[in-house]
Amino acid sequence: MLQGKSLTWLGRRHAKKVKGLYRAAVWGASGMAGGEVLRILAQHPSVEVACAVSNSKKGQFVWQVHPHLRANFSNLAFCNTDEGLSTGADIALLAVPHGTAVPIIESCLKKNMKVVDLSADVRLSSSKDYEAWYGHSHPNPELLSKAIYGLPELHRDDIRDAVLVSGVGCNASCCILGLYPLALMGLIEEARIEVRVGSSEAGASPTIGSHHPYRSRTLRVFEPFRHRHLAEILQELSLKESAVTLTMSAVEIVRGVQMLSHIRLSQKMSERDIWQIYRKAYAGNPFLQLCPAKPAHLRFPDPKLVTGCNNAMTGFALHEDGRRMLVVTAIDNLMKGAAGTAVQAANLMLGLAETEGLTMMPVYPV
């Protein structure tokens with residue numbers, strides 16, 4: 001939805017505090033995305049962690065699950081949902097499994113908490129689309145019409161006014177951020193997309209497909225045509241499903257998503273025109289970067305170049321016929337694909353600069 005949507009539900013409620021910090025309650029804090037939210041907030045200048053909710057880990061110290069956070073959260077223990085709701089937090093960030101967020105969203109809103117939900121539960125604006133893509137009816141369709149899709153690069157102003165913001169699919173984020181400059185100009189006639197994903201995308205609980213002994217040293221296609229994140233891509237870029245194919249491949253990395261999209265443009269373009277389109281679209285977006293045309297090995301981004309940071313990098317090449325184009329985008333799936341974008345949205349909802357707590361540099365080499 002390139003035009004965005006306004007939100008009047010519950011009104012505008014994001015006046016800045018004059019003194020003190022905002023307080024955030026983190027649900028699903030024992031998982032990978034939840035742990036990444038905690039890592040970001042550990043260094044955030046204006047938001048502190050009010051509680052780390054994990055019903056399954058209640059009573060354990062956070063550092064026992066996330067040992068890299070021991071120096072920052074030496075005394076913080078996981079609590080349960082009831083305790084999380086009683087903290088009086090200003091905002092809740094929900095990194096819970098898909099299909100489990102709606103009751104928590106409802107409870108948090110009743111407690112006057114703003115909510116960023118990292119799951120897929122409120123990403124789609126249509127209950128009909130939700131049922132078509134997720135295979136069952138939505139438990140509270142009203143939430144779908146009230147939630148703002150949580151990609152600040154497309155919906156920055158609406159997110160500022162929101163009390164409920166969805167998370168974004170990591171694969172969808174990578175594709176949308178790489179392609180929206182072309183979509184804004186109506187230039188995408190057809191897109192054949194391949195997304196290469198690391199193992200952390202599958203989360204902390206191993207499955208036969210994600211468990212390391214079975215996944216290591218593989219190049220495996222696990223979805224040939226129609227991953228559920230395609231629904232977000234179509235929604236946000238206003239594309240028809242008949243014009244887009246999304247193939248998903250598992251590759252030998254832990255963190256990272258790389259999109260390769262073969263585009264057929266709706267009209268003949270010059271490379272100079274494409275550069276101007278991308279530069280204009282990316283201007284004013286602090287986490288979007290264009291790769292240089294030279295040297296050749298840096299023209300297309302490797303996920304290694306964004307590991308641990310909230311950046312998205314995009315490179316492209318135009319065929320000599322002026323109609324065929326390759327667009328490549330890379331993100332860290334746990335940062336720009338999940339926790340980083342969630343905190344970016346939370347910053348906007350709280351009236352803060354969207355870059356607060358997110359200015360970390362990528363780790364390289366990894």
Side-chain angles (χ1 to χ4, degrees), residues 1-2 28 31-34 36-37 93-102 105 115-126 129-135 138 143-144 147-155 159 164-180 183 191 193-203 209-210 222-223 225-239 241 244-250 255-261 287-288 303 306 310 312 314 329-345:
M1 294 182 176
L2 298 176
M32 288 187 182
E36 197 72 345
V37 172
L93 293 100
L94 313 184
V96 297
H98 303 314
T100 67
V102 168
I105 293 172
V115 178
V116 182
D117 172 32
L118 279 72
S119 83
D121 285 12
V122 293
R123 290 176 187 167
L124 301 184
S125 58
S126 162
D129 288 343
Y130 181 91
E131 185 170 357
W133 285 91
Y134 288 90
H138 195 275
L143 291 178
L144 298 181
I148 299 297
Y149 189 75
L151 201 57
E153 289 75 14
L154 271 66
H155 301 293
I159 290 171
L164 174 59
V165 169
S166 76
V168 290
C170 52
N171 307 308
S173 297
C174 195
C175 296
I176 293 167
L177 293 174
L179 298 180
Y180 87 89
I193 304 171
E194 179 188 357
V195 175
R196 301 165 173 175
V197 304
S199 58
S200 62
E201 183 173 303
S210 65
F222 64 89
E223 174 53 62
F225 302 118
R226 196 176 184 266
H227 188 273
R228 66 185 183 185
H229 286 182
L230 179 57
E232 299 170 54
I233 298 168
L234 301 177
Q235 171 181 279
E236 296 303 310
L237 299 185
S238 300
L239 297 174
E241 187 177 352
V244 184
T245 299
L246 177 59
T247 300
M248 305 291 300
S249 298
R255 298 171 72 125
V257 177
Q258 184 188 57
M259 174 205 74
L260 287 81
S261 184
F287 299 113
L288 301 188
V306 292
N310 200 48
T314 296
T329 300
I331 63 171
D332 181 329
N333 58 292
L334 292 177
M335 282 294 293
K336 192 58 181 158
T341 288
V343 172
Q344 187 181 348

Within the structure provided, determine whether [X] and [Y] are in side-chain contact (heavy-atom separation under 4.5 Å).
X	Y	value
Leu94	Val115	yes
Val257	Val195	yes
His229	Glu232	yes
Tyr134	Leu124	yes
Ser261	Leu179	yes
Ser249	Glu194	yes
Met335	Val306	no
Leu177	Glu153	yes

Atom [atom1] in [X], atom [atom2] in [Y]: separation rounded to 0.5 Å?
X	Y	atom1	atom2	result
Met259	Thr314	CE	OG1	6.5 Å
Leu154	Ile148	CG	CD1	12.0 Å
Leu260	Arg196	CG	CZ	4.5 Å
Ile176	Thr329	CD1	OG1	11.0 Å
Leu151	Ile159	CG	CD1	7.0 Å
Cys175	Leu234	SG	CG	10.5 Å

Quiz item: Have Gln344 and Asn310 got a donor and an acceptor in their side chains that come within less than 3.5 Å?
Solution: yes
On a heavy-atom basis, which atom in [X] and which in [Y] lie closest, and how many Å separate them?
X	Y	value
Ala101	Ser119	CB-OG, 3.5 Å
Ser173	Val168	OG-CG2, 3.0 Å
Ala339	Ala33	CB-O, 3.8 Å
Ala172	Tyr149	CB-OH, 4.0 Å
Gly256	Asn333	N-OD1, 2.6 Å

[X] (side chain) donor-acceptor with [Y] (main chain) under 3.5 angstrom:
X	Y	answer
Gln235	Ser125	yes
Thr341	Lys336	yes
Ser166	Gly150	yes
Asp121	Gly99	yes

Practice problem: Decide yes or no on side chain to side chain contact (heavy atoms under 4.5 Å, CB included) for Leu144 and Tyr130, but give the supporting numbers first. | Solution: CA-CA 9 Å; Leu144 298 181; Tyr130 181 91; 4.2 Å; yes
Quiz item: Does a side-chain N-to-carboxylate-O contact under 4.0 Å join Glu236 and Arg123?
Solution: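 No, Glu236 and Arg123 are not salt-bridged.
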